[in-house]
Amino acid sequence: MSSLKSTEPGLRNYIRHYSLPEVYEALLSGLLILCPEDPLRFLEEKITELRIKGIYSLEWDMFVDESLKPKMKRMNGYFIRSIFDLDGGDMVSMELYEKAYTFYHDHLKRMCFDAWVEYHLLKKAQEVEMQRKMEFAKHHFISRKLRVILHRWNAWTELRKKQQALAAEKIQRVFDMALHKVILKAWRAEAQECKKTREYFERLERGELEEYFDIYSSPSDEAKDEISQLPRRAALKIFSHLDIVDLTNCSAVCRFWKILTQSSTLWSRINFSVVKHKIQDKVVANILRKYRPYLVHLNLRGCSSLLWPSFKCISECKNLQDLNLSECTSLTDGAIKVIVENCSALLYLNLSYTDITNGTLRMLSRCCQNLQYLSLAYCRKFTDKGLQYLSTGKGCHKIIYLDLSGCSQISVDGFRFIAAGCTWLQHLEINDMVTLTDSCIIALAEKCLHIQAVSLLGSPHLSDAAFKALVQGRKLSKVKIEGNSRMTDATLKLLSKHCLSLTHVYITDCPRLTDSSLKALSALKTIVVLNIADCVRVSDPGIRHFLEGPSGSKVRELNITNCFRVSDITLLRIAQRCHSLTYLRLCYCEAMTDAGFEVLGNLSSLLSIDLSGTGISDQSLAVIGSNTGIKELTLSECPGITDMGIQKFCTQVKGLEHLDISHCFCLTNQSLKTLAFCCHLLTSLNIAGCPKMTDLSIQYLSGVCHYLQFLDISGCTLLSDKAVRYLLKGCKQLRVLKMLYCRNISK
């Protein structure tokens with residue numbers, strides 16, 4: 001077999017895979033060169049050796065002794081492979097050699113050309129790089145030259161500035177000296193004038209002078225009014241009850257009134273909130289600059305139009321102790337910084353409903369070392385880091401009142417910082433915080449051991465564990481809790497056990513509280529205010545236990561709104577025991593009847609009563625009217641009340657100031673006619689939802705009730721523009737007017 005070209009591909013692959021031609025070549029080379037006597041044994045030994053060494057170490061002369069190996073170059077390939085033609089090729093022809101030579105020659109020329117191109121590209125890149133470096137060097141040289149010029153020019157300008165500053169300082173010194181002379185001269189003249197005026201008033205009070213305006217050469221009929229005839233101290237006492245608008249108006253009456261309104265005692269307390277929609281920076285700045293030495297209390301609540309000039313003037317009031325900046329939307333951290341750095345005597349600070357951040361708290365912790373009252377209610381832009389300043393700074397450690405209502409961004413760490421910095425905290429307001437948990441209260445209670453009053457309205461996630469940590473070891477006097485469905489009677493039992501000096505209890509909308517809570521509170525002796533509105537599981541036995549306790553005769557305010565299990569028995573107990581009761585709320589207590597309401601007429605101390613949503617009738621209302629000291633009455637949504645009941649009540653209670661008869665559909669103009677002619681001191685009236693009221697009823701009011709300040713006529717569809725004209729003519733003191741859904745009143 002000279003060739004295996006025509007064999008099957010599987011056999012050819014088998015021979016090639018196991019290198020059989022190479023094995024045969026190595027064995028035959030060893031046999032032909034060594035010529036052993038026993039060829040078979042030689043083959044057996046060499047095959048065994050090949051198995052041990054492996055086929056990868058196979059060479060054609062590996063079985064020949066070193067001394068007999070031929071002195072020749074290493075052979076490329078194996079002859080037997082070519083003999084067997086395992087590579088599958090025939091003898092190469094001349095055409096193939098010529099084609100191979102041509103390919104090799106072309107390939108060599110291509111390599112030379114590519115190398116030549118690469119060389120020239122490299123030279124070109126080097127030239128570009130050299131040009132770039134030269135440009136950079138040139139730019140660097142120019143920049144360095146300009147820098148030297150700039151330094152020399154800067155040195156020259158600094159010298160000129162120093163010379164100008166020295167000249168300006170000398171000019172300013174001369175100007176200050178001249179200004180001080182003018183100021184001292186004017187101050188001396190003013191002091192002499194004030195001294196003369198004070199001496200004159202003293203002589204006037206002693207009766208040494210008959211007429212005040214002789215010194216001013218005023219007409220003889222001036223300063224003859226009643227207030228001008230009063231002693232100066234009495235007149236100032238009268239003016240002290242006026243607000244800033246009234247004082248401004250009074251200063252335009254006469255010279256005597258103007259002098260009185262400019263007294264320093266009247267300007268120690270300024271309230272701009274009454275004119276918050278009209279006030280301007282210029283007016284505030286003028287007033288503060290004029291009376292800043294005397295200013296102690298300043299109220300800017302809701303003055304959102306004030307800007308930096310006003311806040312700058314506040315910082316000049318060094319004696320300021322009480323500052324209210326609530327709802328000042330233009331207030332910034334920079335303004336607070338200027339104020340607290342200069343007003344070191346601040347004791348009260350209200351920043352509620354503002355956009356302050358951590359920067360404000362940082363400044364408070366630095367500067368306000370005497371601050372005692374701080375309100376941050378509904379300030380949502382500060383974080384726990386801001387509260388950390390309160391614990392690390394040197395200020396705010398004397399705070400005894402803190403309001404954090406609505407600050408839902410505070411976490412447990414924030415309350416820990418508060419506890420670490422405000423250890424003397426006594427009054428705590430944390431209302432409307434749905435994120436408040438037991439861990440927050442526990443962290444706060446660990447170090448704040450002096451808390452006396454706490455308000456937790458709108459905190460539904462607190463449980464008995466939080467109140468247990470808050471109550472133990474403290475003498476709480478006021479507790480306010482609202483909207484909590486997790487708190488049980490155990491909390492009230494803890495309060496009655498540990499807080500023996502408790503005076504105010506506001507626990508509303510807590511559905512899990514039962515009569516056991518009131519039974520536990522009955523042991524306390526100092527409760528004067530009890531509010532258990534919307535505690536629907538409370539019934540007559542629980543209230544009876546409380547009223548028969550030592551606090552029953554001392555309670556001044558009682559609210560059992562929406563306690564629908566309470567009946568007339570409770571009203572009888574109230575009439576028998578609550579001799580000091582002044583405020584009573586019985587809204588939507590559906591189990592009460594006229595028999596129970598009639599006994600309330602025996603409460604001579606009662607000033608305010610709310611019977612909204614009850615079934616009271618005209619007869620019971622007439623009996624309640626026998627208590628002529630009632631000032632406030634609410635009868636909203638009482639369908640049994642008619643004109644007759646209102647008439648009988650008003651004819652007896654002529655000192656009524658507040659009345660709410662909204663949504664009493666049976667009332668007509670006759671009710672307001674009786675009200676207007678009997679109750680001249682009425683200041684607040686709500687007749688919303690009374691569809692039978694007409695313009696005539698408003699005419700009755702405007703003709704007599706000149707002190708009316710609040711009026712709600714929403715839903716009175718029969719009222720027209722005439723009603724507004726009547727109010728404009730007669731009710732000069734009216735401040736709040738609500739008239740929604742009055743379709744007959746034009747724009």
Side-chain angles (χ1 to χ4, degrees), residues 586-588 590 593-594 597 609-625 630-654 656-731 733-747:
L586 304 173
C587 307
Y588 305 103
E590 300 174 354
T593 63
D594 287 338
F597 292 133
I609 182 170
D610 190 345
L611 301 173
S612 301
T614 60
I616 186 173
S617 64
D618 294 338
Q619 182 179 356
S620 301
L621 184 60
V623 176
I624 294 176
I630 294 179
K631 301 295 183 182
E632 299 180 9
L633 176 64
T634 303
L635 298 171
S636 179
E637 301 180 26
C638 293
I641 299 299
T642 65
D643 294 336
M644 184 61 68
I646 297 296
Q647 182 178 2
K648 292 181 179 179
F649 179 83
C650 292
T651 52
Q652 300 178 84
V653 186
K654 296 185 178 181
L656 190 66
E657 297 178 0
H658 302 270
L659 178 62
D660 185 352
I661 50 176
S662 58
H663 303 286
C664 294
F665 304 112
C666 298
L667 298 182
T668 64
N669 295 336
Q670 189 63 33
S671 297
L672 290 194
K673 180 179 180 181
T674 306
L675 178 67
F677 285 101
C678 295
C679 304
H680 302 301
L681 301 178
L682 195 68
T683 59
S684 175
L685 177 62
N686 189 346
I687 56 173
C690 296
K692 296 183 180 181
M693 299 292 180
T694 65
D695 295 335
L696 185 60
S697 61
I698 303 301
Q699 187 176 11
Y700 290 143
L701 288 176
S702 61
V704 181
C705 298
H706 301 301
Y707 300 103
L708 196 64
Q709 298 180 4
F710 175 89
L711 178 61
D712 190 350
I713 56 175
S714 302
C716 298
T717 57
L718 298 180
L719 298 182
S720 64
D721 294 344
K722 290 183 179 180
V724 181
R725 296 192 189 98
Y726 293 145
L727 293 174
L728 183 63
K729 181 179 180 180
C731 300
Q733 301 294 328
L734 191 64
R735 296 183 178 180
V736 179
L737 175 61
K738 296 183 179 181
M739 46 184 180
L740 303 175
Y741 314 112
C742 296
R743 56 177 178 266
N744 290 329
I745 298 179
S746 63
K747 293 184 179 181

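What you see is a predicted model; the values in this text were computed from it and never measured. Residues: numbered from 1 along the sequence shown.
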Any side-chain heavy-atom pair of D712 and L685 under 4.5 Å: no
Can you tell me how far the CG atom of L633 sits from the CD1 atom of I661, to the nearest 0.5 Å? 9.0 Å
Quick one, L635 and L621 - any side-chain contact, counting heavy atoms below 4.5 Å? yes
I630 and I624, any side-chain heavy atoms less than 4.5 Å apart: yes
Do any N or O atoms from the side chain of S697 and from the backbone of M693 form a donor-acceptor pair under 3.5 angstrom? no
Decide side chain to side chain contact (heavy atoms under 4.5 Å, CB included) for L656 and F649; before the verdict, give the C-alpha distance in whole Å, the side-chain angles of both, and the deciding distance to 0.1 Å. CA-CA 10 Å; L656 190 66; F649 179 83; 4.1 Å; yes
N/O donor-acceptor pair under 3.5 Å between Q652 side chain and A622 backbone: yes
If only atom types and distance count, is the side chain of H663 paired as donor or acceptor with the main-chain N or O of C690 below 3.5 Å? no
For the atom pair CD1 (I646) and CD (Q670), what is the distance rounded to the nearest 0.5 Å? 12.0 Å
Minimum heavy-atom distance between V704 and H680, given as atom pair plus value: CG1-ND1, 2.6 Å
Heavy-atom pair of closest approach, residues A676 and C705: CA-SG, 3.9 Å
What do the steps show when you test E637 against S612 for side chain to side chain contact (heavy atoms under 4.5 Å, CB included), and what is the final call? CA-CA 6 Å; E637 301 180 26; S612 301; 5.7 Å; no
Flag, side chain of S620 to backbone of I616, donor-acceptor distance under 3.5 Å: no
Does some side-chain heavy atom of L611 sit less than 4.5 Å from a side-chain heavy atom of F597? yes
For the CG atom of L708 and the SG atom of C679, what is their distance to the nearest 0.5 Å? 12.0 Å
Tell me the closest heavy-atom pair linking K692 and N669, and the distance in Å. O-OD1, 3.9 Å
Indicate yes or no: at least one non-hydrogen side-chain atom of Q619 is less than 4.5 angstrom from one of D594. no
Could you tell me the separation between the OH atom of Y588 and the OG atom of S636, rounded to the nearest 0.5 Å? 5.5 Å
Decide yes or no for T614 and C638: does some side-chain heavy atom of the first lie under 4.5 Å from some side-chain heavy atom of the second? yes
Kindly say whether S720 contributes a backbone atom to a donor-acceptor pair with the side chain of D695 at under 3.5 angstrom? yes
Quick one: are P691 and F665 in side-chain contact, heavy atoms under 4.5 Å? yes
Tell me whether N744 contacts the main-chain N or O of D721 through its side chain, where contact means a donor paired with an acceptor under 3.5 Å. no
Derivation of the side chain to side chain contact (heavy atoms under 4.5 Å, CB included) call for Y700 and Y726: CA-CA 9 Å; Y700 290 143; Y726 293 145; over 6 Å; no
Are any of the side-chain heavy atoms of I687 and D660 separated by less than 4.5 Å? no
Give me the atom names and distance for the closest heavy-atom approach of M739 to I713. CB-CG1, 3.6 Å
Evaluate side chain to side chain contact (heavy atoms under 4.5 Å, CB included) for Y707 paired with L681, printing each intermediate quantity in order. CA-CA 6 Å; Y707 300 103; L681 301 178; 4.3 Å; yes
Donor-acceptor contact present, side-chain T683 to main-chain E657, <3.5 Å: yes
Reported NZ-to-CG distance for the pair K648 and D643, which is rounded to 0.5 angstrom: 12.5 Å
Any chance you could measure L711, atom CG, to L727, atom CG, to the nearest 0.5 Å? 6.0 Å
Within a 6.0 Å radius of atom CZ on F710, are there more than 12 heavy atoms belonging to other residues, nucleotides or ligands? yes
Provide the closest heavy-atom pair for Q733 versus H706 in the form atom of the first, atom of the second, distance. CG-O, 3.4 Å
